[in-house]
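Proteins come first, then strands; the chains are lettered A, B, ... in the order of their sequence lines, and each starts at number 1.
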Protein chains: 2
Amino acid sequence: MCTNARLCLPHGLDETRLREFECIVDEVGPLHAGDFIFRDGDEFTALYAVRAGMVKTYSIDREGREQITGFYLPGELIGLDAIHSMRYRNHAFALDTSMVCRMSFAKIRELAQKWPELQTQLLCTLSSGLAETDKLRGEYSADERMAGFLIDLARRLEQRGYSAERLYLLMERRDIANFLGMAKETISRVLRRFQDEGLIAVDRREVMLLDRIRLDALAGAVLRD
Amino acid sequence: MCTNARLCLPHGLDETRLREFECIVDEVGPLHAGDFIFRDGDEFTALYAVRAGMVKTYSIDREGREQITGFYLPGELIGLDAIHSMRYRNHAFALDTSMVCRMSFAKIRELAQKWPELQTQLLCTLSSGLAETDKLRGEYSADERMAGFLIDLARRLEQRGYSAERLYLLMERRDIANFLGMAKETISRVLRRFQDEGLIAVDRREVMLLDRIRLDALAGAVLRD
DNA sequence: CGGACCATTGAGAGCAGTCAAGTAGGGTGG
DNA sequence: CCACCCTACTTGACTGCTCTCAATGGTCCG
């Protein structure tokens, strides 16, 4: 049984149903950093869950500008925004060696029709996605956004049982910048200042969170909890 | 039968089911400008659909800062982000004399369990909400955001059969500013510049869209279509 | 008519963006 | 194994968009 089940779509299913659910799951991988899971515009047939590794999603607008829409950890679902248009709305790209679970959406729908727990879990996942993105509205300083990003990542890692004192950022600065809506140079400067102020220690893509209290305070505005 | 049914949650239901669906709908109102539909933290028991008028939703963070999360037109659903926490995550506030439909979520869930069309419609609505908010990520200029706001509103009004040459903005500048993440003074200045450039004509809260082509072009970056 | 509220306009400041130069790993080929 | 290169990252200087603060103008309403 997948160790992520508790955090993932099958959350809430009993033993029997969980086994039946696993029949509709195809494990895909291992993918390598740089592999695509799907591409913007592809026909939507399945939801994907990260099983191991990390995935980023992004879209390209008419002018060719890239827009990163998310970084996904194990247990998180990718492709939920494609349900209504039946086409994926972005590219999904492995940032690291990764395993993903492919779950036919037609079959998910069938099962959700039979099992109230699954319907509920689907709705809850979508709903928390909405609540999540609502938080990011509003104008925040570069410091607040950066702290928000780090704390959010740390919390998600903790939920998954990883230590979150030491974060390894698999994505490049440019990706973080794009995701947070700022320039990559600003990421560098903010990280440096955070380090000078004793909030974190940075070594390339490795970030140690040294003063969680103050980081939380900074992030509070963004994460609104 | 509600004229919004085509755009709203019962979309896709046949005549018979539509009638049964209507049994779980309570019409609430008329509400007057300034009335609340629900408040942040209230127990979530029902989804609301706007039937007539306009509703804004907003939350207040720990520091007392207001954050507007949406403006809702007839046929649009309010409260979807509360499903996972079973508490409303924001205040819902009538901007004008309005009617809303209260739909018990427990009953929606029951019906969705029986009717695939309703389950699908629920999932689609949530999914397009996600796709929608993803668009707003990224850093846009004040001009792009403003154009995006106007064009988005115009399109939604058109979908509902209203003329969209002349927009009446029921909310104050401060609300638009907050929603778009900028200062209210900037809203004034951008609207004035748009007017000077012949894109729109502004008279208080009434805005005429004069050059839809150029506005669309400006908005394109934000709305990404 | 006066007050309250909203909106506009102006002046100045500051945060973060752009441009450009410099640094540092990591990988490759000789 | 080392020199080289490429890419990612950092740092500095400067610019500019948008914010803030403050004053003014309009409109509605009692």
Upstream residue (5' side of DNA chain D) when Thr186(B) and Asp203(B) are each assigned their closest nucleotide: Thr186(B)
When the distance from CG of Leu191(A) to C1' of dA16(C) is rounded to whole Å, what number comes out? 15 Å
dA7(C) P sits how many Å from Met146(B) CE, rounded? 12 Å
Using a cut-off of 6.0 Å, state whether more than 12 heavy atoms not belonging to Glu165(B) lie near its atom CD. no
With a 4.0 Å limit, can you tell me whether Arg192(A) has a side-chain N or O closer than that to the phosphate oxygens OP1/OP2 of dC9(D)? no
Expressed as a whole number of angstroms, how long is the span from Gln195(A):CD to dT10(D):C1'? 12 Å
Nearest whole Å is fine: how far is dA16(C) P from Tyr140(A) OH? 14 Å
Closest-nucleotide ordering on DNA chain C, the 5'-leading residue of Arg204(A) and Asp143(A): Asp143(A)
Arg173(A) side chain, from C-beta outward: closest of dA7(C), dG17(C), dC9(D): dC9(D)
I want to check one thing: is the phosphate of dG12(D), taken as OP1 and OP2, less than 4.0 Å away from some side-chain N or O of Arg189(A)? no
For dC9(D), take OP1 and OP2 only and decide whether either is under 4.0 Å from a side-chain N or O of Arg205(A). yes
Per nearest nucleotide of DNA chain D, the residue lying toward the 5' end, Glu139(A) or Ile187(A), is Ile187(A)
List for me each residue that meets side chain to side chain contact (heavy atoms under 4.5 Å, CB included) alongside Met208(B), sequence neighbours excluded, and say none if there are none. Arg166(B), Ala201(B), Leu210(B)
Could you check, using the six-membered ring where one of them is a Trp, whether Tyr48(A) and Phe38(A) have ring centers closer than 6.0 angstrom? yes
Mind calculating the distance between CG (Leu169(B)) and C1' (dC6(C)) to the nearest angstrom? 14 Å
Looking only at side-chain N and O atoms, does Ser188(A) come under 4.0 Å of OP1 or OP2 in dT11(D)? no
So Glu185(A), base contact, sugar-phosphate only, or nothing? Heavy-atom distance under 4.0 Å. base
To the nearest angstrom, how far is Leu95(A) atom CG from dA8(D) atom P? 13 Å
Taking atom P of dT18(D) as reference, at what distance in whole Å does atom CD of Glu144(B) sit? 9 Å
Between dT10(D) atom P and Lys184(A) atom NZ, what is the distance in whole Å? 11 Å
Test your reading of the model: is there a side-chain donor-acceptor pair from Gln195(B) to the backbone of Val202(B), 3.5 Å cut-off? yes
Which pair of heavy atoms, one from Lys135(B) and one from Tyr140(B), lies closest together, and at what distance? O-OH, 3.5 Å
